[in-house]
Structures are given as structure tokens and as C-alpha cells.
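To find a chain, count down the sequence lines: A is the first, B the second, and so on, and within it residues start at 1. Here the structure is a predicted model, which is why all the values come from computation and not from measurement.
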2 protein chains.
Amino acid sequence: MPANLKDVAREAGLSPAAVSRHLNGSLDLPQETRARIEEAVQRLGYRPNPHARRLSLGRSDTITLIVPDIANPFFAALAATVERAASARGMIVQLHATSNLESREIAVLELAADHRSDGVVFCTNRRPGAAVAEAIAALPRAVIVDEAVPGASAPQVFADNAQGGYLAGRHLAEWRHRRVAYLGGDPMLMSTRQRAEGLERGLREGSEGAEVGVRILSGRHDVATGRALATALLDSGGDETAIFVGSDEIAIGVIETLRARGVRIPQDMSLISFDGARALHLYDPPITAVRQPARRLGERAVELLLDGDWDDRTLPELVEYLPVELVERASVAAPNTAEPG
Amino acid sequence: MPANLKDVAREAGLSPAAVSRHLNGSLDLPQETRARIEEAVQRLGYRPNPHARRLSLGRSDTITLIVPDIANPFFAALAATVERAASARGMIVQLHATSNLESREIAVLELAADHRSDGVVFCTNRRPGAAVAEAIAALPRAVIVDEAVPGASAPQVFADNAQGGYLAGRHLAEWRHRRVAYLGGDPMLMSTRQRAEGLERGLREGSEGAEVGVRILSGRHDVATGRALATALLDSGGDETAIFVGSDEIAIGVIETLRARGVRIPQDMSLISFDGARALHLYDPPITAVRQPARRLGERAVELLLDGDWDDRTLPELVEYLPVELVERASVAAPNTAEPG
DNA sequence: TGGATTTACTAAACCGATTTAGTAGACCTC
DNA sequence: GAGGTCTACTAAATCGGTTTAGTAAATCCA
């Protein structure tokens, strides 16, 4: 029903080729002819059919965004900037949520390939298997964001997890904490390892030779995991005086559990979160956190996708760490030495 | 480079038509022939080109989701269920953020039409003009969610705003509040009017004949608006003892401002929020809120889009209100009669 | 004035599916 | 053995663009 190129050409008394080439700027026409085309376009309300265009061009002017869960504020913030950056360039974004399922990850990566997506932004919370790395390698343009995909050949953009862990460690050490629990995601995750290492290093450097200890408990990045790990930590009767959590989601579960158990933050247990996508300054108590550059991550991914030199064979080896910052609030205090946690 | 239908046909010793029709189930072939096709598909790793398919079929197996801002937890939650429901049906979702700009709203609605989107889920925070209603009318399948579009011909799915306002009003009345401020979005918005009316009605019904008053201050649904309106309210020296806000975003700005001004919640000022997409139970104090069915809204929209009887001429007149609930926490208390707010 | 160049286009192939209308041959029936 | 029916397909048009290779006519240049 809508007018197509042929209609416009007929209306303007030209061939479809002439109209197409004029509209795409690959043909210089005299003023008078151009006017005829513009007028025909106006009169018929012509809008090119994007599917025909994509079929013909073999590309889709589309950015594919793959995240575990869009309801997670971190990924929502990232998605917001991906969308903004993409639409500013006339690109459309396709959104896929994987629920952290490998099968879904692979399925949507293959879909992106089928669609000749002009760029894929891939995020996962798991440590993906080789099949995911292969599916990514099959894409002409993809960037991996937030969590590493071992063996994948694509540029990667991360938060500076090691630095985040370090800042948390230093901060806790300054408050005289020596035993800290890290409650985070899968221990095989790059982010988990980097944060835990940074944490331990910061703790050590800030403790002036005192003995320090980091206990790692892991699960998934969700509220239920936060509850479960906090419960496990408390039940284990360890001597940790502070908790560093891997995400706001986990933090929520931890806070709920601590509160239910009557463990006061920060008097009985100090807490630092990692994310800062939520309004932690309004929490009770306001939660000290390492703020991840969620928006910047998304923006940078789109930049790489659209402005990167993809003929440069070294691009897929690029790894960037974007700066994080420690936002001090009120969930860290000196350990309560009176009683064991 | 990837194999196409013709390659598969050649490999199987058949015509492309036969292969296509078999793959789409419109042709019954003998077992042996079927096996030949399946094998060729396997061997060549054939995957249909979706753009060719779409061009040919005139549809796209795509749901278009249009929201003001995906970083807003309410829309993020809605998006999550839209994505889940859509992908469960083999549909892809295209995401557009409008930043509440009419020009963007119209542009993306037109894009959706160009793409022969199989369904559009449209959300706005503004009171859109006639041009938006027209752009929606031009779509074969669209549903309007969360906020009304005057004059649009499309099914609409809302939270039960009037009931939400009523519940808040009753609750405040029970705590002896008589003067309440509603800080919300544009007063021309259907949601604003419904909530304010419900609020007043609830307040009146709960106040046993006492005189009640509702003051409405409005702006946009964001944190900055919350700060500005709270400041205006406080500076105006009114006698309101409670604030009912139109969204968690506004609530955040209000809480920040109250805190900065030394106005205690709930001792000096009670507060009820509307949304509940955030972790309000961890706030200081835990914030009583009317919880919107964000996820259900998204789910219902996709249901209507995909299972609705679109031949039924009355469908575009459908209006549904999904139930809300009041979650009582600790931000409401009896008014402090000692001093004026 | 005749060949070379430039201007202003166009014919037709192509992207990769779907689908309508039909056909060749086997079998069945009377 | 003629006509009808059924089986197993296929030829070719179509969706609506883009692009390559080319052409007719006008202009330039010597």
C-alpha cells in the first residue's frame, strides 16, 4: 500500500535507478530533476522499505544489545546509553535478554549474525563456554562488555575491577578491618578474580604488615544469592568484620539478611557494594560503593563498534578498563571488637 | 557467504520452491525427499535470511518497544517482561527511547511502521499531541501502556491509578492526615488526574467529614523534578503534613530535599511513593508505596498484541486497569502537630 | 566537422526469500 | 485406453530496494 521507489520514479518521470541513486547521493542531477524527485517523494509520502534496503545492502543499520537481564539497573543504565548512542547515529537497537543461559546466548548471537547486525554489544554474568566465544568470533563486529569471554576474539571493555577491589580494600583497611568476605559471582569470572585480588592487595597495603584475610563466597548476581551467601557467612561463624559484595543485587540480599538477623551495618558489619546503579545514598544506612561506569561502558562499546578501525587486525585484542570510583557513605565503620560477628 | 535457499536446493537436487515450502510446512514430501533437504540444510549450515523473509512476507516478527527512558526502573521492569514474552513467541524486540520528546515519539512510531512491526508497545510520560495519536493510528497493531494518548485508536493498558490514589488517600486519612500534597507529572496527564482524584476521594472517605485538601504540584517524572517540587512545597509554607509522589524518581528527589532541609520522614512529613520498582524497603525510612504492576503491564501488552483478535473492531477501544497494591512500610506516621511543617 | 568527453540518465541483474499456478508422470477406474 | 485423480514437485513472478555497466544526446576541442 505505501508508495515504493517505482511509484516515485513514475511520478517523477524517471527510472527507479535514478531516484535511488539521487536519494543515496550517488548521482548528481540538475536542480530541476532533483526538484521533481523531491516533490514526488513528498506527494506520495515515500519512505524506503528497510527490509528491501537491508536485503540489498547486506547490512541492517542495527545494533544488537545482549544482556542477562534488562531489569537489572546496571544493564538498564548501560542499555540507555547504547540506545542513545545508537539512535544518534541512525541505528536501531535490538534487545535480547539471555537470563544468563548459554543456550540463549548462543541463539541470540546467531540471530544477530543472521540479521547482519552492524554491531553486537555482548554482556554476560557467567563464564561462557567455548561455543559462545565461537559464536562471537563468527560476527563481523562485536564488543564484549563488563565480563570477559575467554577465548573470544573481540574488543573488550570492562570496569576497572581490580582498582575497584583495591579501593575497597584500602578503605576497609583504613578502618582497621583485617578479615573481609567477598560475596560475588562465579569465582571463575574474571570480574570476581580481579576484584578479590584487588581487595586483598588493598587490604594488605593498607594494613601495614598486619595479617589480612579475604574469604570468597560466590553465587549469581541476584538478590537471592545475596541472601544465601549472607546467611552462609553468618552461620559459618567466621571472624570477618566487613563484607564487600559484587553487585547491588547481592547487596540487597545481604542487607535484608543482616537486618533480619539483627546484625547492624556498620556497627556489627561493614559493607561495600559494587555497582552504584541504584540510589544507595538513600538506604539505611547509606551504602558505600564502588561505582561502575555503566553508562560509559555502553557508550564506549558503541563508539568502538561504529568508529573503530575494524580493518585493524589488532582491534579484537583491545582490552580497556574504564575508571571506577569509591563513593564513601555510611556503611563502613571500625570493626566492633567487643563481640564476634 | 552463508548458504542460501538456492544452495540448499541444489545440494538436495530440488527446486528452491520445494525446499522453502517444505521448511515452512506448506508442502508434504515423501520421507526420503525430506531427509535429503534436512541433510542439505545441516551440511551447509543453512539459516534463512530474515531480511529476505521479511521483504517477501511483509512482516518482521518484531515487537517495537517505545519508552521514555529505559534506565528508569519502572520501564526497565516493563521492558524485561516485554522481551521475555516476545522472545518466548519467537519475536525480536526493537527498543527505542524517546526521552519524552514528541519529535522522537513520532519518528520512532514511523520507523515501526516502515519496519512492518508486528506490534508496538508505546509508553510516554507526556500528554502527547494529535500527531502522536495519528502516528499510532497508522500502525496495524499497537498498544498504549501506562499513560493515555488522547484520541489514539489502540487498546490501552494502565495501572489502576485511581485505585492507587485512593489507597494512598485512605491510608493517610487513617493516620489523621488532612492536607496532602501530590507531587507528580504533568497535570494534563491522565495518570496525574486519576491519582489526584483517587487521593482526594480516599482522603475524604477516610476523614469522616473533616475538611481535606489536596495540593498538586507538577513537573516531570525525574529526580530533579522531585527536588524542585519539594523545595517549592517547603518554601510555600503550606500546612500539608504528607506528600504523595507520582513516581519513585520524584520520591528520590523529595527524600533528598527533605533530608537536606532537616525535615524528618515520617515525623515531620509522611511520604508515599507510586511505582515500587525500586528497593524502597531498604530506604531510610522504608518508603510506603503504591506498587505498580510494571511487569504485568508489559506482559499484558504483548498478550494483546499477539493473541488479541485484531479483526474485532472494538479492540482499539479496550481500556484495562491492572490492580495496584499499597505496600505499607515506615514513611507514614501521624502528623506532627507541634510545629508547622 | 568529426572525434572525445561530459551530462543525464537507464536497463537489467541482484540481494534471498515466498507463493501462485501449473506440470509431468503414476495410478485408478470403468 | 480415455479420462480423472493424485503425487511430487517446479517455473516464474514478487517483495522493494541497490548497483554495475552502459547509452543517447549535448558539448567541447582541435
Review point. Hey, does L5(A) reach any base, or is it just sugar-phosphate, or nothing, if we go heavy atoms under 4.0 Å?
Key: base

Check your understanding: Looking at the side chain of A52(B), which of dG17(D), dG16(C), dT10(C) is the nearest nucleotide?
Key -> dG16(C)

Practice item. Look at all strands and tell whether P30(B) reaches a base, only sugar-phosphate, or nothing, counting heavy atoms closer than 4.0 Å. Key: sugar-phosphate

Exercise for review: Identify whether any heavy atom of N24(B) sits under 4.0 Å from a base atom; if not, whether one sits that close to sugar-phosphate; answer base, sugar-phosphate or nothing.
Suggested key: sugar-phosphate

**Study point:** Short side-chain N/O contact to dC9(C) OP1/OP2 from T33(A), under 4.0 Å
**Key:** yes

Point to revise | Residue whose nearest DNA chain D nucleotide is more 5′ - R116(B) or V19(B) | key: V19(B)

**Study point:** Donor/acceptor link under 3.5 angstrom from R21(B) side chain onto base of dT10(D)
**Key:** yes

Check your understanding: Do the side chains of D312(B) and W310(B) get nearer than 4.5 Å, heavy atoms only?
Key -> no

Practice item. Kindly point out which of dG16(D), dT10(D), dA11(C) is positioned nearest to the side chain of L55(B)? Key: dG16(D)

Review point. Would you call D7(A) and Y46(A) a side-chain contact if the rule is heavy atoms closer than 4.5 Å?
Key: no

**Study point:** Sidechain-backbone polar pair: S20(A) side chain, P16(A) backbone, donor-acceptor under 3.5 Å
**Key:** no

Review point. L57(B) has a side chain; which of dT19(C), dG16(D), dT19(D) sits nearest to it?
Key: dT19(C)

Review point. Are V132(A) and E102(A) close enough that some pair of their side-chain heavy atoms sits under 4.5 Å apart?
Key: yes

Point to revise | Nearest-Å distance for atom pair NZ/C1', residues K6(B) and dT18(C) | key: 15 Å

Review point. To the nearest Å, how far apart are R10(B) CZ and dG16(C) P?
Key: 12 Å

Practice item. Would you kindly give the CG-to-P distance between D114(B) and dC15(D), to the nearest whole Å? Key: 18 Å

Review point. Rounded to whole angstrom units, what separation is found between the CZ atom of R54(B) and the P atom of dT14(D)?
Key: 24 Å

**Study point:** side-chain N/O S56(A) vs dG17(D) OP1/OP2, d < 4.0 Å
**Key:** no

Point to revise | Residue whose nearest DNA chain D nucleotide is more 5′ - S26(A) or G13(B) | key: G13(B)

**Study point:** Any R53(B) side-chain N or O less than 4.0 Å from OP1/OP2 of dT18(C)
**Key:** yes

Practice item. Report yes if a side-chain nitrogen or oxygen of S20(B) is closer than 4.0 Å to either non-bridging phosphate oxygen (OP1 or OP2) of dT18(C); otherwise report no. Key: yes

Exercise for review: Could you check whether L27(A) gets within reach of a base, just the sugar-phosphate, or nothing at all, counting any heavy atom under 4.0 Å?
Suggested key: base

Check your understanding: Any donor and acceptor pair, going by atom type alone, linking the side chain of S60(B) with main-chain N or O of R54(B) inside 3.5 Å?
Key -> no

